[in-house]
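Fair warning: this is a prediction, and the values are worked out from it, not measured in the lab. Values reported hereafter were calculated over all heavy atoms of this structure, with side chains retained and with hydrogens, waters and symmetry mates removed. In what follows, chains are A, B, ... by sequence order, proteins preceding strands, each numbered from 1.
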Amino acid sequence: VRTDYLIAVGLLIVLVLLLSSRSPAEPPRVSPDEATRPDFAFTLPSQSLASVAASADGKYLVLARNSVPEGAAPT
Amino acid sequence: MTELTLFDLGSGKVLWSAVYANPNCCGLPLAKMTADAQLIVGAGKQLHLYTKDGQELKVLRYQEDTEFTLLSAEVSSAGNLIAAATSHRAYLFSREGQRLWSAQFEDVPVVALSGDGRHLLVATSKLFQLYSTTDLKLLQEGTLPYEGPGVAAALAEDGSAFALVGNPAVGRDELTVHLWKNNEVRRVVLGEVNVPQLAIAGSWLWVEGGFGGEAALISINDGTLRRFTAGPSSAHLAVDPGHDRLALARGAVLELHRLSDDQLLWQTRAPGRVLVLLLHGSKLIALGNENDDAALPDRVWVWDISGRE
């Protein structure tokens with residue numbers, strides 16, 4: 001049996017295995033290592049005790065922020 | 001002091017900011033908004049009511065000068081009622097500033113208001129009371145087995161179901177969520193959840209830790225439970241039944257699922273650790289920190305998810 005024939009068959013088997021391991025129903029996935037830049041970003045002046053609320057349509061966002069006093073522990 | 005800031009996420013602009021006194025320096029500040037954003041409520045030494053354009057409509061005062069908002073404040077969807085709790089009192093106000101009801105409690109109370117404004121839930125770690133806001137009649141009451149002041153409460157939009165959770169009794173690690181519907185109580189036991197938070201939207205209740213631990217999604221109809229273990233990071237959930245969406249954050253990894261069948265629709269990595277998650281309309285909103293070890297946020301991130309299907 002020719003070596004190059006065996007290599008070709010081996011590659012074919014690996015290819016079939018790789019393709020069969022992906023379910024056609026699986027949705028397109030983004031690797032967790034691949035970041036999607038936020039459409040909006042806001043930097044708080046400092047690390048803060050903060051909470052947010054938004055309108056039902058997501059158009060408006062309210063942010064409440066308390067600066068953490070130096071040496072104080074959040075409760 | 002608390003600083004309140006309103007953003008227009010369409011244009012990405014800050015619309016206005018306001019600052020008010022808040023003696024609760026070391027607890028989470030509270031801000032609420034009606035579904036249409038026409039009324040914004042900031043809570044501190046008093047309750048401050050603002051219009052969307054930043055005009056201060058009203059200041060609602062508590063009974064004693066020494067009181068301030070501690071664990072909870074709520075506004076009904078239409079903005080006609082505002083409920084809040086201080087260290088030992090719970091209150092219900094009208095938007096016009098009338099104090100409709102108040103009660104004193106031995107332990108620290110929390111309040112929850114149904115979206116339609118017809119039901120008010122008040123709870124401490126030891127008891128709960130459900131009121132009709134139309135005649136302020138007590139509809140249901142009961143006892144609770146929790147310890148310490150960290151109780152959380154949530155009411156369904158129409159008041160037909162409500163849930164309570166608090167710190168377990170000393171010596172017990174598991175967290176028991178109490179869920180009432182049709183006068184029947186269902187108990188759901190979870191693992192470690194630090195400073196438990198609750199929310200109800202549609203027929204779903206979700207539980208997570210304000211400062212870490214696992215998260216869970218519970219059907220208020222049949223108690224079906226989905227648990228989201230946290231691993232090294234805390235797990236945070238946001239649910240939007242109207243658009244059949246569930247958002248999940250574990251550390252910096254964000255996932256968007258279809259709520260009905262859990263199908264993964266989108267996955268990405270946030271610029272840092274996610275600490276709070278909201279899912280409203282086409283926006284996925286996170287409070288987070290670029291430092292993966294941080295417990296407090298220093299960033300707001302927003303993704304438009306309208307094309308993530």
Side-chain angles (χ1 to χ4, degrees), chain A residues 6-75, chain B residues 1-10 12 14-15 22 24-37 40 42-43 52 77 211 242 252-254 263-271 276 278-287 289 294-304:
Chain A
L6 285 174
I7 290 169
V9 170
L11 284 173
L12 189 63
I13 291 168
V14 169
L15 188 64
V16 168
L17 285 172
L18 280 174
L19 288 175
S20 63
S21 68
R22 302 186 71 184
S23 159
E26 194 173 293
R29 290 174 68 117
V30 178
S31 159
D33 293 330
E34 196 178 319
T36 307
R37 211 173 135 181
D39 297 293
F40 171 82
F42 179 77
T43 303
L44 279 54
S46 60
Q47 185 168 269
S48 307
L49 285 155
S51 61
V52 281
S55 58
D57 59 6
K59 204 172 167 198
Y60 296 97
L61 174 74
V62 66
L63 166 75
R65 188 180 75 83
N66 287 356
S67 295
V68 184
E70 211 166 303
T75 53
Chain B
M1 302 297 275
T2 294
E3 185 181 36
L4 202 65
T5 306
L6 185 70
F7 298 92
D8 178 341
L9 296 181
V14 171
L15 295 179
N22 189 356
N24 186 15
C25 71
C26 304
L28 281 176
L30 294 161
K32 300 287 169 176
M33 167 189 289
T34 52
D36 61 3
I40 292 133
K52 194 166 69 179
S77 294
F211 288 96
V253 177
L254 281 170
Q263 168 117 16
L264 180 66
L265 301 172
W266 180 59
Q267 186 182 46
T268 192
R269 179 175 283 278
V276 174
L278 295 181
L279 186 55
H280 285 238
S282 61
K283 300 289 193 295
L284 178 61
I285 302 158
L287 274 180
N289 195 309
L296 296 175
D298 66 355
R299 297 284 192 283
V300 180
W301 300 305
V302 181
W303 291 265
D304 191 323

Nearest non-hydrogen partners of [X] and [Y], listed with the distance:
X      : Y      : answer
A:T43  : B:R299 : CG2-NH1, 3.3 Å
A:A50  : B:P297 : CB-CG, 4.1 Å
A:A64  : B:A31  : CB-CB, 3.7 Å
B:I285 : A:A54  : CD1-CB, 3.9 Å
A:S55  : B:A37  : CB-CB, 3.8 Å

Option that, when pairs with chain A are counted at under 4.5 Å, heavy atom only, ranks first among B:K52, B:H280, B:K32:
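Looking at each option in turn, the highest pair count goes to B:H280.
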Side chain, backbone, both or neither of [X] within contact of chain A (heavy atoms, under 4.5 Å):
X      : value
B:N22  : side chain
B:T34  : backbone
B:L254 : neither
B:L6   : both
B:M33  : both

Is there a side chain to side chain contact (heavy atoms under 4.5 Å, CB included) between A:Q47 and B:N289 once you walk through the steps?
CA-CA 8 Å; A:Q47 185 168 269; B:N289 195 309; 3.1 Å; yes
Rounded to the nearest 0.5 Å, what separates atom OG in A:S46 from atom CG in B:D298?
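So the gap between those two atoms works out to 8.5 Å.
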At what distance, to the nearest 0.5 angstrom, does CG of B:D8 lie from CZ of A:F40?
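Rounded to the nearest 0.5 Å, the CG-CZ separation comes out at 9.0 Å.
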Would you mind telling me which of A:V52, A:V62, A:L63 makes a side-chain contact (heavy atoms from CB on, under 4.5 Å) with B:F7?
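Running side-chain contact (heavy atoms from CB on, under 4.5 Å) over A:V52, A:V62, A:L63 with B:F7 returns exactly one hit, A:L63.
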What residues, two or more places apart in sequence or in another chain, satisfy side chain to side chain contact (heavy atoms under 4.5 Å, CB included) together with A:A41?
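Counting only residues at least two positions away or on another chain, A:A41 forms a side chain to side chain contact (heavy atoms under 4.5 Å, CB included) with B:W301.
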So, B:T2 side chain and A:N66 main chain: donor-acceptor pair closer than 3.5 Å or not?
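Between the backbone of A:N66 and the side chain of B:T2 there is no qualifying donor-acceptor contact (under 3.5 Å).
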Is any side-chain heavy atom of A:Y60 closer than 4.5 Å to one of B:I40?
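Sidechains of A:Y60 and B:I40: no contact.
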Min side-chain heavy-atom separation A:D39-B:V302 under 4.5 Å
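Side chain of A:D39 against side chain of B:V302, heavy atoms only: no contact under 4.5 Å found.
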Can you tell me which of A:G58, A:P38, A:A56 forms the most heavy-atom pairs within a distance under 4.5 Å of chain B?
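Sorted descending by pairs with chain B, the first entry is A:P38.
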